[in-house]
Amino acid sequence: MRRIKKGDKVVVVAGKDKGHTGEVLRVYPKDDRVLVAGANVRTKHIKRTQENPQGGRVQREFPIHISNVMLADPKTGKPTRVRIHTLESGRRVRIAVRSGEQIDE
């Protein structure tokens, strides 16, 4: 089970965007990277095409390494580690270590 999934609220804990909170837009498990909304924004030069006749420069998010983000605690919003717990039904859920809150419904 992955500790960080698409749609999670995460806090960037290292790098130029340290302290930024955002939603995970995409997870790249093969590269151990995540795409966080509003974090690691760079300028990309776009070539002219039929869909984009103007071309030019576009601001967009780029993936950052998964070790540089931590899940935001559901209670406080502060970064927390994640523990995997198995329920009596056999289902595995994620638990926030900081508050003990269950992250998965």
Side-chain angles (χ1 to χ4, degrees):
M1 172 177 250
R2 281 189 265 168
R3 295 180 190 276
I4 296 179
K5 298 179 179 179
K6 179 180 175 180
D8 286 345
K9 293 284 182 196
V10 294
V11 179
V12 180
V13 295
K16 67 178 180 124
D17 291 317
K18 182 176 179 176
H20 177 79
T21 303
E23 183 180 342
V24 175
L25 302 174
R26 190 165 175 196
V27 179
Y28 301 93
K30 195 178 283 188
D31 302 327
D32 287 335
R33 293 185 173 272
V34 290
L35 189 67
V36 180
N40 197 22
V41 177
R42 298 183 191 172
T43 302
K44 181 167 176 65
H45 293 75
I46 304 294
K47 193 182 239 184
R48 284 191 281 190
T49 61
Q50 284 188 340
E51 297 85 34
N52 187 9
Q54 184 71 28
R57 301 180 336 179
V58 177
Q59 299 278 74
R60 61 188 295 194
E61 297 103 354
F62 279 77
I64 58 178
H65 199 268
I66 202 163
S67 67
N68 293 336
V69 298
M70 289 180 82
L71 205 65
D73 194 307
K75 266 189 178 173
T76 62
K78 293 182 179 179
T80 182
R81 289 172 299 175
V82 179
R83 182 174 290 133
I84 307 296
H85 183 72
T86 305
L87 302 176
E88 291 83 23
S89 62
R91 206 180 90 186
R92 298 170 74 200
V93 293
R94 297 177 297 165
I95 305 291
V97 172
R98 186 182 284 264
S99 65
E101 287 284 310
Q102 183 174 323
I103 296 165
D104 301 317
E105 282 81 38

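Basis for what follows: all heavy atoms, side chains included, without hydrogens, waters or symmetry-related copies. Note that the coordinates shown come from a computational prediction; the quantities given were computed from them, not determined experimentally.
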Cluster check I4, V12: I/L/V/M/F/W/Y, side chain < 4.5 angstrom: yes

Applied to residues 26-37, the salt bridge (charged side-chain N to carboxylate O under 4.0 Å, His left out) test, sequence neighbours excluded, yields none

Could you tell me if the side chain of K16 sits less than 4.5 Å from the side chain of N40, heavy atoms only? yes

I want to check something: taking the side chain as every heavy atom from C-beta on, are R98 and K78 in contact at a cut-off of under 4.5 Å? yes

V11: partners by side chain to side chain contact (heavy atoms under 4.5 Å, CB included), with sequence neighbours left out: T21, A72, P79

Working to the nearest 0.5 angstrom, can you tell me the gap between T43 OG1 and R57 CZ? 5.5 Å

Run through the side-chain heavy atoms of Ile, Leu, Val, Met, Phe, Trp and Tyr, join any pair under 4.5 Å, and report what else lands in V13's cluster. M70

Pairs flagged by salt bridge (charged side-chain N to carboxylate O under 4.0 Å, His left out) wherever residues 34-53 is involved - sequence neighbours left out: none

Of all residues at least two apart in sequence or in a different chain, which pass the side chain to side chain contact (heavy atoms under 4.5 Å, CB included) check with V41? Q59, E61

What residues form a side-chain hydrogen bond (donor to acceptor under 3.5 Å, both in side chains) with H85, not counting sequence neighbours? none

By salt bridge (Lys or Arg N to Asp or Glu O under 4.0 Å) - contacts of E101 (at least two apart): K75

Determine the minimum heavy-atom distance between S99 and D73, stating which atoms define it. OG-OD1, 3.0 Å

Taking all non-hydrogen atoms of both residues, which atom of Y28 and which atom of L35 are closest, and how far apart? CE1-CB, 4.3 Å

Residues in side chain to side chain contact (heavy atoms under 4.5 Å, CB included) with S89, at least two apart? L87, R91

Straight-line distance of L71 CG to I103 CD1, nearest 0.5 Å: 4.5 Å

With sequence neighbours excluded, residues passing side-chain hydrogen bond (donor to acceptor under 3.5 Å, both in side chains) with T76: none

With sequence neighbours left out, the residues meeting side chain to side chain contact (heavy atoms under 4.5 Å, CB included) with T86 are R92

For the student: nearest non-hydrogen atoms of H20 and A37, plus distance: NE2-O, 3.0 Å

Mind checking side-chain hydrogen bond (donor to acceptor under 3.5 Å, both in side chains) for D8 and listing every partner two or more places apart, or none if nothing turns up? R94

Could you tell me whether a side-chain N or O of N68 sits under 3.5 Å from a main-chain N or O of A14, the two making a donor and an acceptor? no

Side-chain contact test, heavy atoms from C-beta onward, threshold under 4.5 Å: evaluate it for V36 versus I64 and give yes or no. yes

List for me each residue that meets side-chain hydrogen bond (donor to acceptor under 3.5 Å, both in side chains) alongside Q50, sequence neighbours excluded, and say none if there are none. none

Would you compute the distance between atom CD1 of I66 and atom CZ of R3 and round it to the nearest 0.5 angstrom? 10.0 Å

Transitively linked via ILVMFWY side-chain contacts under 4.5 Å: V82 with V27? yes

